[in-house]
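Computation of the quantities below employed the complete heavy-atom set of this structure, encompassing side-chain atoms and omitting hydrogens, waters and symmetry-equivalent molecules.
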Amino acid sequence: MDPRFTELLHPFLKLAGPQEITITPDTDLRRLGVDSMQAIELLFTLEDAFGIALPDEEMNDATFATAGTLWQAVARQLPDRTTEVPA
């Protein structure tokens, strides 16, 4: 995952607590506080930061389930189409 991506995620993880967490592809975004309103804000943030637009078919619970699934959706829209999600 791109370091910018994980940096952008941190403010949206309101239930992560005061400690700095390490975001991995398996990080459960819902468990850490990304609800439907947060997901919309996160979507706009990611689209602006990466200069992309996620297609409508990517706007679902599965995409926003984990950091890895969200990164894959973002990466598919990048010009170099980097879809790899390293552990």
Can you name the closest pair of heavy atoms from [X] and [Y] and give their distance?
X	Y	result
Leu42	Leu70	CD2-CD2, 3.6 Å
Leu13	Leu29	CD2-CD2, 3.9 Å
Asp2	Trp71	CB-CH2, 3.3 Å
Glu7	Pro11	O-CD, 3.4 Å

Are Leu9 and Leu78 connected, step by step, through hydrophobic side chains (Ile, Leu, Val, Met, Phe, Trp, Tyr) whose heavy atoms are closer than 4.5 Å?
yes
Linking I/L/V/M/F/W/Y whenever their side-chain heavy atoms sit closer than 4.5 Å, directly or via other members, would Ile21 and Phe5 fall into one cluster?
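In one cluster with Ile21: Phe5, yes.
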For residues 22-49, which residue pairs pass the ring-ring contact (aromatic ring centres under 6.0 Å, His included) check, not counting sequence neighbours?
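Of all non-adjacent pairs touching residues 22-49, none passes ring-ring contact (aromatic ring centres under 6.0 Å, His included).
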Before you tell me yes or no, could you show the steps for Phe50 and Arg4 under side chain to side chain contact (heavy atoms under 4.5 Å, CB included), namely the whole-Å CA-CA distance, both residues' side-chain angles and the distance that decides it to 0.1 Å?
CA-CA 9 Å; Phe50 288 98; Arg4 283 186 306 158; 2.9 Å; yes
Okay, side chain of Thr66, backbone of Asp26: is any donor-acceptor separation there less than 3.5 Å?
no
Sub-3.5 Å donor-acceptor pair from the side chain of Thr45 to the main-chain atoms of Glu41, do we have one?
yes
Which donor-acceptor pairs under 3.5 Å do the side chains of residues 51-62 make with protein atoms, sequence neighbours left out?
unit_1: Glu58; atom_1: OE1; unit_2: Thr63; atom_2: OG1; d: 3.4
unit_1: Glu58; atom_1: OE1; unit_2: Arg76; atom_2: NH2; d: 3.1
unit_1: Glu58; atom_1: OE2; unit_2: Arg76; atom_2: NE; d: 3.3
unit_1: Glu58; atom_1: OE2; unit_2: Arg76; atom_2: NH2; d: 2.9
unit_1: Asn60; atom_1: OD1; unit_2: Ala62; atom_2: N; d: 3.0
unit_1: Asn60; atom_1: OD1; unit_2: Thr63; atom_2: N; d: 2.8
unit_1: Asn60; atom_1: OD1; unit_2: Thr63; atom_2: OG1; d: 3.1
unit_1: Asn60; atom_1: ND2; unit_2: Glu57; atom_2: O; d: 2.9
unit_1: Asp61; atom_1: OD1; unit_2: Arg30; atom_2: NH2; d: 3.2

Rounded to the nearest 0.5 Å, what separation is found between the CD1 atom of Ile23 and the NE2 atom of His10?
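One gets 3.5 Å once the value is rounded to the nearest 0.5 Å.
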Apply side chain to side chain contact (heavy atoms under 4.5 Å, CB included) to residues Leu46 and Val74 and explain how you reach the verdict.
CA-CA 8 Å; Leu46 293 171; Val74 168; 4.0 Å; yes
Min side-chain heavy-atom separation Phe64-Leu43 under 4.5 Å:
yes
Contacts of Asp35 that satisfy salt bridge (charged side-chain N to carboxylate O under 4.0 Å, His left out) - sequence neighbours left out:
Lys14
